[in-house]
Chemist: 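One structure, as structure tokens, below. Some questions next.
In what follows, every chain begins at residue 1, and chains take the letters A, B, ... in the order their sequences are listed. All values below come from the heavy atoms of this structure, side chains included, with hydrogens, waters and symmetry mates left out.
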Amino acid sequence: RGGRMSRGPFRGPIYYDGPARQQRPRGGQMGGFRGPGPGPRVRFEDNYVDVTMNSGSPQDGSSHRRLKYDKKWLLTALQNLCSVPFTPVQDLTDGLNVVFLITGIEESNALKPIQVHVCLSIKPGRQVIVLMNPCPPPAILNTQLKPEDIEHLKQCMAKRFDGSQRALDLNNIRTDPDLVSQNIRAILSRKTFMDAVVKIIEENIPELVCLNLSNNKLYKLEDVADLISKAPHLKILNLSHNELKSEKELDRLKGLKLVELWLDRNPLCDQFKDQLTYISAIRERFPRLLKLDGHDLPPPIVFEVVSPTTTPPCKGSYFGSEEIKVLIMHFLQQYYSVYDSGNRQPLLDAYHDGASFSLSLPSSQNPNRCSLREYHKDSRNIKRLKDPSTRFRLLKHTRLNVVALLNELPKTQHDSASFNVDVNTYTTTLLSFTVSGMFKEVDGKSQDAVRAFSRVFIAVPAGISGLCIVNDELFVRIATTEEIQHAFAATAPTPSSSPVPTLTAPQQEMLSAFSLKSGMNLEWSQK
Amino acid sequence: MGSLAEFCPFCNTADFRTHVDASCRYSEEFTNIYYDCMDKKRRNLMRLYLDKATLVWNGNAVSGQAALGDFFESLPSSEFSIQTLDCQPVHEQATQGQTTLLVVTAGQVKFDGQKQRYFNQNFLLTAQASPTSDQPVWKIASDCFRFQDWSS
């Protein structure tokens, strides 16, 4: 690239003689050109204008006076003199040097389209020196294809489309005679062309299955990515013989469900230390790929990570053992018969001297809390309650305080048929279980209101047949409509008439083994 | 009754008060960790349980760390929202001197693949001495979980 002088397409000298309106007829290769118009008188030598193809530095501006010239005139002059048509693309004139970016100039000895940076440097009395510097296309280039060009492109693509295979062959399309003859340089590495191609596909052949983009100097796939949505059936893609430097470029095409892909003869292929790494890198982007570079791939190993979306089925009470079940059911029956009797004082016998009790409610999102009002003042939700004194006060400690609070709570009627019991823990000294079920309030403002509850009891053994509660936590909520429908369906036996189940000998024995001497309170006698 | 009060440390109000305050703090901290783990680090959840811990999950009993690990893996991913929290120190007589807390929670949970549901849960946490700090390490001895609408 450096240092080479080349004639380039400029064959004639240019005389700058002011703003030109008269133009020399095109085609003249030799000879002078006198441009009319204002401006300095410049005399040109009768030579070729040599064009340096390396990047020359602009002439030293200090010896120049600021000259007025007509850019348009200059460009026209250049165009007239140039044997090959070119298009000025961008004006980068800076002060003394008239600089244009032009496209479309080809070197005479290579059919390689280049973009050149033309710098016209004007010295008074001197020729106009044209410096041509090849440069990459500027980032922002707003060149739209003309409608007739798009039409030619479309015709060309139609010729290259095989309907039976739904295959489009755009291999090396810039050399297609149909396009070249129309002076269309279909350089697919340029956004305008790739966008045009994608649009033509979208509008005419969206059912495209196979696309060959080989040998198109593609160095990026950003604009090809539009095909993901526009040609959703695309399964075979040939990108071989291009300029893709990294497999990361393929990330842009991840949405394509490719089954066959050609990538050979791209710089990216040389990045891999072995074939297996290459294949797995490509497969990462296209898991359905069966053929790469014409070779069949072994079928992919697909690990389906199945995330669970079902929870285990819900079951009823869990007692752990029949003995515990009897023990607990016995206890509950006795407990609730007192609890529902209208006077809860006898419950003192059920509680350990050092027992604790607290009550909680669902946290209120609903400002209209007319329900469960009777429970509010005693509700202990430490998520909401931050004051340590209040937290302490609401935990009822010692059985006297516990039962005092229980007596203040609304009178109830529990539906024992609705009871569900889960036994959490059972050791020689501790039995912890959770009861959930329904009750209704039998008097007061919320008479007949149906509630649901969840209550944790922690008990130590007491005597032969009983449990002694050390911790009791009650959660009350409003019952749902569904729950209300099912509640109180079975006729619950009234407390007075219920027979108290007697424990069998083995059960008694088991309870003795379970019990330690409590000595703390009266044996809770069976009623 | 007098002699009994001596034996029962919980009847000593001053100590009991401190105990209640501490229980509240521990239970708040614990529930934050537990539900965060449940939602975001499910694989680590079983480490919060004692070796011999038991879980009763909607009537399904699971015990031992290995079984607990499998169980938690089998549950879909979750998003818990705790709305109610209550706690009590467990009476020493039940625990043979091992400091234990009863922690009770309620709120909503959305398991992947299901609609959001209300639940009730309670834990027994026991304090274990830590080799590396003054503060005890709390472990779950038992866990009981139920959807409020489990029967529907």
Chemist: At a heavy-atom separation under 4.5 Å, does A/Lys386 approach chain B through its side chain, its backbone, both, or neither?
Modeler: side chain
Chemist: Considering only heavy atoms, which portion of A/Ser418 lies under 4.5 Å from any heavy atom of chain B: side chain, backbone, both, or neither?
Modeler: neither
Chemist: Using non-hydrogen atoms and a 4.5 Å limit, figure out which bit of A/Val421 sits close to chain B: side chain, backbone, both or neither.
Modeler: neither
Chemist: Would you say that more than 12 heavy atoms from the other residues, nucleotides or ligands in this model lie under 6.0 Å from the CD of B/Glu79, or not?
Modeler: no
Chemist: The criterion is salt bridge (charged side-chain N to carboxylate O under 4.0 Å, His left out); which residues satisfy it with B/Glu73, sequence neighbours excluded?
Modeler: B/Arg43
Chemist: If you count heavy-atom pairs under 4.5 Å with chain A, which of B/Leu102, B/Leu55, B/Thr31 comes out on top?
Modeler: B/Leu102
Chemist: Which heavy atom of B/Gln88 sits nearest to which heavy atom of A/Phe357, and what is that distance?
Modeler: NE2-C, 3.5 Å
Chemist: At what distance, to the nearest 0.5 angstrom, does OG of B/Ser23 lie from CD1 of A/Ile382?
Modeler: 8.5 Å
Chemist: Should the heavy atoms of other residues, nucleotides or ligands under 6.0 Å from NZ of A/Lys325 be counted, would the total exceed 12?
Modeler: no
Chemist: Please check this pair: side chain of B/Thr54 against backbone of A/Asn424, looking for a donor-acceptor N/O pair closer than 3.5 Å.
Modeler: yes
Chemist: Could you give the distance from CG (B/Asn122) to CZ (A/Phe475), rounded to the nearest 0.5 Å?
Modeler: 12.0 Å
Chemist: May I ask you to decide if B/Thr95's main-chain N or O and A/Thr429's side chain share a donor-acceptor pair within less than 3.5 Å?
Modeler: no
Chemist: With chain B, which of A/Thr310, A/Leu359, A/Val456, A/Asn420 has the greatest number of heavy-atom pairs at distances under 4.5 Å?
Modeler: A/Asn420
Chemist: Can you list every salt bridge (Lys or Arg N to Asp or Glu O under 4.0 Å) pair that touches residues 470-483 of chain A, not counting sequence neighbours?
Modeler: A/Arg455-A/Asp472, A/Arg477-A/Glu483
Chemist: Has A/Asp422 got a side-chain atom pairing as donor or acceptor with B/Asn58's backbone, closer than 3.5 angstrom?
Modeler: no
Chemist: What distance do A/Ser436 atom OG and B/Asn120 atom CG have between them, rounded to the nearest 0.5 Å?
Modeler: 7.5 Å
Chemist: Answer yes or no: is there an ion pair linking A/Arg391 with B/Asp21, defined by an N-O contact shorter than 4.0 Å?
Modeler: no
Chemist: Contact part of B/Ser27 toward chain A, heavy-atom cut-off under 4.5 Å: side chain, backbone, both or neither?
Modeler: side chain
Chemist: Between B/Ser151 and A/Lys315, is the side-chain contact (heavy atoms from CB on, under 4.5 Å) condition met? List the steps.
Modeler: CA-CA 8 Å; B/Ser151 58; A/Lys315 300 178 187 157; over 6 Å; no
Chemist: Minimum heavy-atom separation for A/Gly316 to B/Arg146, with atom names?
Modeler: O-NH2, 2.8 Å
Chemist: Identify which one of A/Ser358, A/Ser360, A/Ser379 satisfies the side-chain hydrogen bond (donor to acceptor under 3.5 Å, both in side chains) criterion when paired with B/Asp86.
Modeler: A/Ser358
Chemist: Taking all non-hydrogen atoms of both residues, which atom of B/Gly59 and which atom of A/Tyr318 are closest, and how far apart?
Modeler: O-CB, 3.9 Å
Chemist: Could you tell me the separation between the NE2 atom of A/His397 and the CZ atom of B/Arg17, rounded to the nearest 0.5 Å?
Modeler: 13.5 Å
Chemist: Counting heavy-atom pairs under 4.5 Å to chain A, which of B/Cys87, B/Ala106, B/Ala141 comes out on top?
Modeler: B/Cys87
Chemist: What part of B/Phe123 gets closer than 4.5 Å to chain A, counting heavy atoms only: side chain, backbone, both or neither?
Modeler: neither
Chemist: Roughly how far, to the nearest 0.5 Å, is the CD1 atom of A/Ile458 from the CD atom of B/Gln93?
Modeler: 13.0 Å
Chemist: Within the side chain of A/Asn381, is there an N or O that forms a donor-acceptor pair under 3.5 Å with the backbone of B/Gln83?
Modeler: yes
Chemist: Using a cut-off of under 4.5 Å on heavy-atom pairs, state which of A/Val470, A/Thr311, A/Thr425 scores highest against chain B.
Modeler: A/Thr311
Chemist: With respect to B/His91, which candidate in A/Asp353, A/Asn471, A/Leu430, A/Val460 satisfies the side chain to side chain contact (heavy atoms under 4.5 Å, CB included) definition?
Modeler: A/Asn471
Chemist: Hey, does B/Phe16 have a side-chain heavy atom less than 4.5 Å from the side chain of A/Leu395?
Modeler: yes
Chemist: Which bit of A/Ser454 comes within less than 4.5 Å of chain B, counting heavy atoms only: side chain, backbone, both or neither?
Modeler: side chain
Chemist: Please name all residues satisfying salt bridge (charged side-chain N to carboxylate O under 4.0 Å, His left out) with A/Glu441, sequence neighbours left out, ordered by chain then number.
Modeler: A/Arg451
Chemist: Under a 4.5 Å heavy-atom cutoff, which of B/Val20, B/Leu75, B/Thr84 has the most pairs with chain A?
Modeler: B/Thr84
Chemist: In residues 110-119 of chain B, which residues are in contact with chain A at a heavy-atom separation under 4.5 Å?
Modeler: B/Phe111, B/Asp112, B/Gly113, B/Gln114
Chemist: Applying side-chain contact (heavy atoms from CB on, under 4.5 Å), run through A/Lys383 and B/Ile82 and close with a yes or a no.
Modeler: CA-CA 9 Å; A/Lys383 230 174 150 51; B/Ile82 308 309; 4.0 Å; yes
